[in-house]
Amino acid sequence: MSPMSSSVSARSAAEVNAEIRDLWQRSHGCLTPQDEAAYQRLLVEWAAATGKGARTAA
């Protein structure tokens with residue numbers, strides 16, 4: 001089991017989405033490398049919370 005798997009779906013998709021929106025608002029649409037890493041982590045968490053894969057389009 002990976003270290004993230006135990007905490008990935010602990011929050012609802014709505015909670016994670018709110019954090020994503022907050023991140024973009026705080027950054028004024030320009031993510032730093034640290035923000036980008038946080039954004040990628042949040043996308044994975046959001047995908048797990050929705051029950052969908054991070055990539056849905058082929």
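For the numbers below, each heavy atom of this structure counts, side chains included, while hydrogens, waters and symmetry mates do not.
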### Query
Going through the distances and angles, do Val16 and Thr50 end up as a side chain to side chain contact (heavy atoms under 4.5 Å, CB included)?
CA-CA 10 Å; Val16 179; Thr50 61; over 6 Å; no
Separation between CG (Leu43) and CD1 (Ile20), nearest 0.5 Å, reads 5.0 Å
Check: Gln40 side chain, Ala37 main-chain N or O, donor-acceptor pair, under 3.5 Å
no
When every non-hydrogen atom of Ala49 is compared with those of Ala13, the smallest separation belongs to CB-N, 3.6 Å
| message | Would Trp24 and Asp35 count as a side chain to side chain contact (heavy atoms under 4.5 Å, CB included) here? Give the steps. | response | CA-CA 9 Å; Trp24 278 105; Asp35 290 338; over 6 Å; no
**Request:** Could you walk me through whether Arg11 and Glu19 pass the side chain to side chain contact (heavy atoms under 4.5 Å, CB included) test, one step at a time?
**Result:** CA-CA 11 Å; Arg11 299 187 292 168; Glu19 188 172 339; 2.6 Å; yes
So does Glu36 pair up with Arg41, basic N to acidic O under 4.0 Å? no
Separation between CG (Leu42) and CG (Leu23), nearest 0.5 Å, reads 6.5 Å
